[in-house]
**Q** 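Below are the structure tokens for one structure; questions will follow.
What's counted below: heavy atoms across the whole structure, side chains too, no hydrogens, waters or symmetry copies. Just so it is clear: chains get the letters A, B, ... in the order the sequence lines come, proteins before strands, and each one is counted from 1.
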Number of protein chains: 2
Amino acid sequence: MNMREFSDKVELSAYTLRYYEKVGLLKHVQRNTSGHRIYSNRDIDWVDFIKRLKDTGMPLKEIQKYASLRELGAQTVKERQELLEKHQENLVKHIRQQNEHLKALDAKINLYKSGEVS
Amino acid sequence: MNMREFSDKVELSAYTLRYYEKVGLLKHVQRNTSGHRIYSNRDIDWVDFIKRLKDTGMPLKEIQKYASLRELGAQTVKERQELLEKHQENLVKHIRQQNEHLKALDAKINLYKSGEVS
DNA sequence: CTACTAGTTAGAGTTAACTCTAAGTCAACT
DNA sequence: AGTTGACTTAGAGTTAACTCTAACTAGTAG
């Protein structure tokens, strides 16, 4: 599929997709005879995974690191797993923290509701 | 308390605290005779609340809006409550989303654990 | 009196992650 | 042949949220 279709599907602008390629998140995207990019379904999966990592707070630099390890094939499986497990741990902490924040916010709102705030 | 003590207590650099003042998050901080800032316990509470909003993804601009409403006193209670309730709603959504991401990440890691990834 | 410490200001610099601009190419229509 | 539209590139510009620099001052210890 072409840029526009892919951009629509993954909900990232063409600018962002080219940027992701520039910083090494997306590698060897195919080209047609006139030099335009052609994306595959595997590209969709990969970008979706990038988005997931990003949405859970992983910086693009670290996603790039994961991408590079992936490039190196089977010998980096362990390292990639560790990277993801570390991220998983951070995410669990983050969710715990956010739940605490939510509780405190609920309490604050209850003060407003009961008219104890001016 | 002075800059250093306050900075230690709220775990924000002096740079950041001055910046927060500059952008209108912190207002009428007291000064001593030589022009140095003096912070109170109420300042601690307020900065802690700012941090909570920030940590839950509220942009400083919106926190600033809340701060400004607070300045205007009792007549803005309703508006402030609404602002917080909107944020609460976003936060609930965010937590839900993060939990979904976590589940997907768990699944991915399980693929690694069972050797289904190369 | 001098040195040191802890602050002060205005404004410049940094970083991440885009986002856009300008100039150009290529294929398809009219 | 000319126009349109969807791309291409290199590189400049933007935004949020800091972070730092330079030059200065006030209070304290030796």
**Q** Where does DNA chain C form stems of at least three consecutive Watson-Crick or G-U wobble pairs, each pair having both distances below 3.5 Å?
**A**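 For DNA chain C the paired stretches long enough to count as stems (3 pairs minimum) are C:1-30 with D:1-30.
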**Q** Taking any heavy-atom pair under 4.0 Å as a contact, classify B/Lys22: base, sugar-phosphate, or nothing.
**A**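 Counting heavy atoms under 4.0 Å across all strands, the contact made by B/Lys22 includes a base.
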**Q** Are more than 12 heavy atoms, taken from residues, nucleotides or ligands other than B/Arg31, located less than 6.0 Å from that residue's CZ atom?
**A**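 Yes, enclosed.
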**Q** Quick one: B/His36 NE2 to C/dA6 P, roughly how many Å, whole number?
**A** 11 Å
**Q** May I ask you to check whether over 12 heavy atoms, not counting those of A/Glu11, lie within 6.0 Å of atom CD?
**A** no
**Q** Just how far, in rounded Å, is C1' of D/dA16 from CD1 of B/Ile63?
**A** 12 Å
**Q** Indicate whether any N or O donor in one side chain lies under 3.5 Å from an N or O acceptor in the other, for A/Asp55 and B/Gln97.
**A**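 Note: A/Asp55 and B/Gln97 side chains miss the donor-acceptor criterion.
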**Q** From NZ of A/Lys51 over to P of C/dA17, roughly how many Å is that when rounded to an integer?
**A**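 So the two atoms are 16 Å apart, to the nearest Å.
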**Q** Among the nucleotides D/dT8, C/dC18, D/dT19, which one has an atom lying closest to any side-chain atom of A/Arg18?
**A** D/dT8
**Q** Would you say NZ of A/Lys27 has more than 12 non-hydrogen atoms from neighbouring residues, nucleotides or ligands within 6.0 angstrom?
**A**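 Yes.
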**Q** How long is the line joining CE of A/Met3 and C1' of C/dA27, in whole Å?
**A** 19 Å
**Q** Give the ring-plane orientation class for B/Tyr66 versus A/Tyr112, where under 30° counts as parallel, over 60° as perpendicular and anything between as tilted.
**A** perpendicular
**Q** Heavy atoms only, 4.0 Å cut-off, all strands: where does B/Arg4 land among base, sugar-phosphate and nothing?
**A** sugar-phosphate
**Q** Heavy-atom nearest nucleotide on DNA chain D for A/Ala14 versus B/Ser13: which residue maps closer to 5'?
**A**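 In this pair, the answer is A/Ala14.
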**Q** If you find the nucleotide of DNA chain C closest to A/Thr33 and the one closest to A/Leu12, which residue's nucleotide is nearer the 5' end?
**A** A/Leu12
**Q** Can a side chain N or O of B/Asn2 be found less than 4.0 Å away from OP1 or OP2 on C/dG7?
**A**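 Indeed, a polar side-chain atom of B/Asn2 lies that close.
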**Q** Specify the residue among A/Ser34 and A/Tyr20 whose closest nucleotide of DNA chain C lies further upstream toward the 5′ end.
**A**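 That would be A/Tyr20.
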**Q** Take the protein atom NZ of B/Lys61 and the nucleotide atom P of D/dT15, then report the distance between them rounded to whole Å.
**A** 8 Å
**Q** Please check the phosphate of C/dG7 (OP1 and OP2 only) for any side-chain N or O of B/Arg37 closer than 4.0 Å.
**A** no
**Q** Is the shortest side-chain N/O distance from A/Arg31 to OP1 or OP2 of C/dC26 below 4.0 Å?
**A** no
**Q** With distance as the sole criterion, is a donor-acceptor pair present between the side chains of B/His94 and A/His94 under 3.5 Å?
**A** yes
**Q** The side chain of B/Thr16 is closest to which nucleotide in this list: C/dC18, D/dC18, C/dT21?
**A**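 It is D/dC18.
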**Q** Check the distance between C/dG7's C1' and B/Ile38's CD1 and give it to me in whole angstrom.
**A** 12 Å
**Q** Quick check: closest heavy atoms across B/Gln88 and A/Leu102, and the distance to 0.1 Å?
**A**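 Distance-wise, the nearest heavy atoms are CG-CD1, 4.0 Å.
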**Q** Evaluate side-chain hydrogen bond (donor to acceptor under 3.5 Å, both in side chains) for A/Thr56 paired with A/His87, printing each intermediate quantity in order.
**A** CA-CA 9 Å; A/Thr56 47; A/His87 184 57; 2.8 Å; yes
**Q** Can you tell me the distance, in whole Å, between the CG atom of A/Asn32 and the C1' atom of C/dA28?
**A** 14 Å
**Q** Nearest whole angstrom, please: distance from the P of D/dT15 to the OH of B/Tyr19.
**A** 13 Å
